[in-house]
Amino acid sequence: MDYKDTLNLPKTDFPMKANLSKREPEFLKKWEEMNIYRAIRNVSKGRKTYILHDGPPYANGHIHLGTALNKIIKDLVIKSKNMGGFDSIYVPGWDCHGLPIEHQVDKELGDKKYDLSQVEKRRYCRKYAEQFVDIQRSEFKRLGVFGEWDNPYLTMSYEYEAITIEEFAKLMLNGDIYKGKKPVYWCATCKTALAEAEVEYMDHQTPSVYVKFPMISDFAAVRSKLKGEKVYCVIWTTTPWTLPANLAIAVHKEFIYAAVKTQGEVLIVAKELVGYCMDAFGYKEYEIIDEFPGEVLEGQKCRHPFIDRESVLILAPFVTLEAGTGLVHIAPGHGQEDYEIGLEYGLDNYAPVDENGRFTPDVEFFAGEFVFDANESVMKKMKEVGVLLGSMDIGHSYPHCWRCKNPIIFRSTEQWFISMEKKGLREKALKSIGEVRWIPSWGRDRIYGMVENRPDWCISRQRLWGVPIVVFYCEGCGEVLATREVLAHVAGLVRQYSADVWFEREAKDLLPKGTKCASCKGDAFRKETNILDVWFDSGVSHAAVLETRADLRWPCDMYLEGSDQHRGWFHSSLLESVGTRGRAPYKEVLTHGFVVDGEGKKMSKSVGNVVDPQDIIAKYGAEILRLWVAAEDYTADIRISSEIMERLIEAYRRIRNTSRFILGNLYDFNPGKDAVPCAQMEEMDRWALHRLQEVIQRVRKAYEDFEFHVVYYTVYNYCTVDLSALYLDVSKDRLYTSKTASKARRSAQTAMWTILDSLVRLLAPVLVFTAEEIWERMPVEGKEKSVHMTSFPEVKQEFLDPDLMEKWKTMIGLKGEIAKAVEAARRNKIVGHSLDARVEIAASGRLAELIRANLDTIRTINIVSEVEMTDKPSGEISCSSEFEGMSIGVSRAGGVKCERCWMYSGTVGKSAAHPAICDRCIGNLS
RNA sequence: GGGCCUAUAGCUCAGUUGGUUAGAGCGCACGCCUGAUAAGCGUGAGGUCGGUAGUUCAAGCCUACCUAGGCCCA
């Protein structure tokens, strides 16, 4: 007879093959139908809230691996908080205004854009953003991320736009905001000022020129050696077009400068660079006739090389000797450092360049010329007047516009600023940084340094798609009108009609009736045309979201973004919140690194190492992507490669198969009726449950610390090491061959059920789909509709047994030694399967006592047919390295192999009814 | 060029306040099993801790510099 039919072999319809890319959408559908997010919120109702405030991704393009990573980490936080005893709320958001969308719309409209009114174009922008909100929403949902997807926050919603204006108003009325003239990054193509964040550095070829400025003050009065000489200061610059705006020449106070006589004139350059410079000018013969420190030059005057104007010599700390001449051309209207040093010396903020990047009419020789074209003309002019000492093209890192990729210029313009100093914003912000928990802790130093050094925040943009800067100017006297009443009135209109109202109505229709200019009593006004920086938009999300939704609160618990946001959203939110409310809008800030390729290099289209999350989802499923996020330590850069994917898929299979095996052995188990109390369980089951408690404790702690990779490794190693290789492998005999309802088998089933029930909950935040798939098949009466509505398992004291663990530590060590001995016998063809083996152990002392008392357990956990203690082992002899003095002998087991349990036994053949099986099996058959 | 960060076996991660022969899992090699089977089990070989120089009786863990990489800025 076939005894296989008498065994309790595993049975389950839980498929071995995950088929994730096909099965995941089915779960998404189920969750959609049951409104899983609401269901979880209902379960969590009344608990302490945990609020992670979503940083809004930009509503343009499809999600990439970085955005996927970010959303998945957020989802891990939200889900683990909910299962860990909080009411964790997730309102996703989108950043909708800004240049990129406006550009994209311009591109799509083509020439049509010139026929559209401002409002019409804004409507296109709105539609464009809506379209990508929809796209990204479905892509995020596909990742298994739960949240209020049907009610997200959008920075372009009427309410949000109104609050943006109200927040601006607070700062305005508080005196933080001022209008000033400053050099800002200016893109002549896009005709707009750019924020620091909108600038990219790329290699760019520019001419570099050496130019001599004739000295006009009597320098010989200070340096007598130069009496009677024609003296020139030589500068070097890579932006010849800024020379018409030159107002000064900077030198370093401590550097030594040399007066070099050559070609009948004297050139001043840094002493260290004399050889280098003369080489560049092509002068072979020269003589240094004087040397002096830079400070001697301060206050001396040169004449501009081709314009009738003075250029004064000043001292600046940023002068270096790395390139050039050691004398730096200063145009305060065209450079940040130039501007700052210009302020110190009271120089004019001169920038004779219009918004198109063309010289203004007052610029001699070059009026109307585009600045980058003017490089050539300026050089030509300088050649003409004989001041050009040398020139060459060089490639260097130069700022470019993030959108149009064209090189940009620094240009002094009228802009609105939030002052870091006027109302002590910097100081307050720095203090607030100290009150926030930064994870990892170095985040504090990073943002502190940035806030400490940043210039005033330029919040104005000369664009269309955004929230207007709500300021009016009196047509009569030019006075700024931005009173509390006016701002509130406009905010009200925006709340009703969207910010479009600003662009479609005239000033008089935006103002409260009877508004008059405070200084001239005029009643005609014009609107400010600038809009707000989009970083201001997202920077007020704490006000627009946390304070407006009933179940949220201000401040929230956490902001969680990539480490670039120390300068981005964390930063803008901090300044806005500190400026209006005196503290940061968050209690904790968690940052993650960036996704890089298998070599640690950043992903770029040109290198061709970009990985698309859609491809991974289609090929392996979102689950594998989630597992990747969980497995990697996100505090540093996060690598992805095909090998990493392969490893994760294998790990996933192991977890899946372990679960499947347990489910297969629970086909006839009803935990309500069949569970065995802890005290009556078999020793090994109690060992497995003790280990489970350790896993639960470690995993819950890891979730609390946001160390998701610890969650992954802990569970995975438990599955592999403790369960698959030991506990489950060993338990097969008991599960398969014992009587179906025997206590021994029920004990194992109780343990396995408990284990899977815990694992599935611990894994649910990570493996959202698979955990649900397992949960659906768990035998439990009255269970929750979704594993995501359950809580994490608690550590149960009754399962903790330190003495047992101590004993089993030795038992498992012993198993390793026996396995080595059996392996040696296997190599010598004495045994194949471990059940072929008979093991003889020689040991002494306490070890011998332990072995003698547990011979049967040792036989069981080693899956051999016989174990005996003896003084002189026979067969293949191995000496233990772990246990001193212990030796193990392995020989072929005696007796006959039982056809049912495959163990060798002397009892096989004794029964006439069942001649092929052992008496243990005969007992289990009846 | 500056600020912050990272660098441990092929891969992903551990390595407590510096202290014995640097750990795990996977992968790999070899083998077993065929009652978890496009599964399961065992054994084994792989790092001197990015590099250099220091501090120390003692350094993967401290210091300096360098290299590579990342983010941010210039």
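In what follows, chains carry the letters A, B, and so on, assigned in the order in which the sequence lines appear, proteins first and then strands, with residues in each chain numbered from 1.
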Under 3.5 Å, which N/O atoms of the protein pair with N/O atoms of nucleotides 15-18 of chain B?
none

Please tabulate the protein-to-nucleotide N/O contacts below 3.5 Å involving nucleotides 3-5 of chain B, giving atom names and distances.
unit_1: B:rG3; atom_1: N2; unit_2: A:Arg446; atom_2: NH1; d: 2.7
unit_1: B:rC4; atom_1: O2; unit_2: A:Arg446; atom_2: NH1; d: 3.4

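B:rG40 sits 25 Å from B:rG10 when the C1' atoms are compared, rounded to a whole Å. To the nearest whole angstrom, the two P atoms, one in B:rU6 and one in B:rG50, are 13 Å apart. Taking the C1' atom of each, B:rC61 and B:rA45 are spaced 28 Å apart, rounded to whole Å. With both ends at atom C1', the span from B:rA59 to B:rG54 equals 12 Å, rounded to whole Å. Of the C1' atoms belonging to B:rC32 and B:rC49, the separation is 36 Å, rounded to the nearest Å. One P atom belongs to B:rG46, the other to B:rU63, and the distance between them is 34 Å to the nearest Å. Nucleotides B:rC13 and B:rG18 place their P atoms 25 Å apart, quoted to the nearest Å.
Taking atom CG of residue A:Leu663 and atom C1' of nucleotide B:rA39, one finds them 15 Å apart after rounding to whole Å. When rounded to the nearest whole Å, the span between NE2 of A:His592 and P of B:rG70 equals 17 Å. Remark: P of B:rA36 and CZ of A:Arg653 are 18 Å apart, rounded to the nearest angstrom. As a whole-Å value, the separation of A:Asn828 CG from B:rU43 P is 17 Å. Atom NZ of A:Lys4 and atom P of B:rU34 are 11 Å apart (whole Å). As a whole-Å value, the separation of A:His571 NE2 from B:rC72 P is 14 Å. Going from atom CH2 of A:Trp438 over to atom P of B:rC71 covers 20 Å, rounded to whole Å. Per the geometry, OH belonging to A:Tyr634 stands 13 Å off P belonging to B:rC13, to the nearest Å.
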Can A:Lys701 and A:Glu704 be said to form a salt bridge (Lys or Arg N to Asp or Glu O under 4.0 Å), step by step? CA-CA 5 Å; A:Lys701 171 86 163 55; A:Glu704 274 167 31; over 6 Å; no
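Applying the side-chain hydrogen bond (donor to acceptor under 3.5 Å, both in side chains) criterion to A:Arg745, with sequence neighbours excluded, gives A:Asp668. Taking A:Glu707 as the reference, nothing meets the side-chain hydrogen bond (donor to acceptor under 3.5 Å, both in side chains) condition, with sequence neighbours excluded.
With RNA chain B read from its 5' end, the first of the two nearest nucleotides for A:Lys815 and A:Glu599 is the one closest to A:Lys815. Mapping A:Ser659 and A:Asp836 onto RNA chain B by nearest heavy atom places A:Asp836 at the nucleotide closer to the 5' end.
Comparing B:rC72, B:rC71, B:rU37 against the side chain of A:Arg567 picks out B:rC72 as the nearest. Between B:rC41, B:rU43, B:rC73, one nucleotide has an atom nearer to the side chain of A:Ala725 than all others, and that is B:rC41. The nucleotide whose nearest atom lies closest to any side-chain atom of A:Asp564 is, among B:rC13, B:rC72, B:rA36, B:rC72.
No hydrogens or angles considered: nothing links the side chains of A:Tyr559 and A:Thr591 as a donor-acceptor pair under 3.5 Å.
For the pair A:Arg900 (side chain) and A:Thr6 (backbone), a donor-acceptor distance under 3.5 Å is present. Panel note: side chain A:His64, backbone A:Gly66; a donor-acceptor pair is recorded below 3.5 Å.
Note on A:Asn657: a base of the nucleic acid sits closer than 4.0 angstrom, heavy atoms only. Residue contacts shown for A:Leu7 include a base, since a base heavy atom lies under 4.0 Å away. Residue A:Gly600 is classed as a sugar-phosphate contact, given heavy-atom separations below 4.0 Å to backbone atoms only. Heavy atoms of A:His833 sit under 4.0 angstrom from primed sugar atoms or phosphate atoms, though from no base atom. Here A:Arg444 lies out of heavy-atom contact (under 4.0 Å) with every strand. Counting any heavy atom pair closer than 4.0 Å across all strands shown, A:Lys17 reaches no nucleic acid atom. Using a 4.0 Å heavy-atom criterion, one finds that A:Ser724 contacts the bases of the nucleic acid, with or without backbone contacts as well.
Annotation for A:Arg734: atom CZ counts as buried by contact number, over 12 foreign heavy atoms lying within 6.0 Å. By the neighbour-count criterion of 12 heavy atoms within 6.0 Å, atom CD of A:Glu646 is densely surrounded, having more than that number from other residues, nucleotides or ligands.
A salt bridge is defined here as a Lys NZ or Arg NE, NH1 or NH2 lying under 4.0 Å from an Asp or Glu carboxylate O, and A:Asp13 with A:Arg777 meets this definition. In summary, A:Asp564 and A:Arg567 do not engage in a salt bridge, as defined by a charged side-chain N under 4.0 Å from a carboxylate O.
Contact annotation: A:Lys732 reaches the phosphate of B:rA36 (side-chain N/O to OP1 or OP2, under 4.0 Å). For B:rU37, one of the phosphate oxygens OP1 or OP2 lies less than 4.0 angstrom from a side-chain nitrogen or oxygen of A:Arg660.
Shown here, B:rG10 is classed anti by the O4'-C1'-N9-C4 or O4'-C1'-N1-C2 angle, which is more than 90° from 0.
Figure legend: cation-pi geometry between A:Arg444 and A:Tyr448, with NZ or CZ positioned under 6.0 Å from the six-membered ring centre and within 45° of its axis.
Aromatic ring centroids of A:Trp457 and A:Phe417 lie 6.0 Å or more apart. Residues A:His709 and A:Tyr634 place their aromatic rings such that the two centres sit no closer than 6.0 Å.
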Scan nucleotides 20-31 of chain B nucleotide by nucleotide, 5' to 3', and note B when protein non-hydrogen atoms come under 4.0 Å of the base, S if they reach only the sugar-phosphate, - if neither. ----SSBS---S
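Residue A:Trp902 and nucleotide B:rG35 are classified as a stacked aromatic pair, their ring centres being separated by less than 5.5 Å at an interplanar angle below 30°.
For RNA chain B, each stem of at least three Watson-Crick or G-U pairs (distances under 3.5 Å) is given as range with range: B:1-7 with B:67-73, B:10-13 with B:23-26, B:28-32 with B:40-44, B:50-54 with B:62-66.
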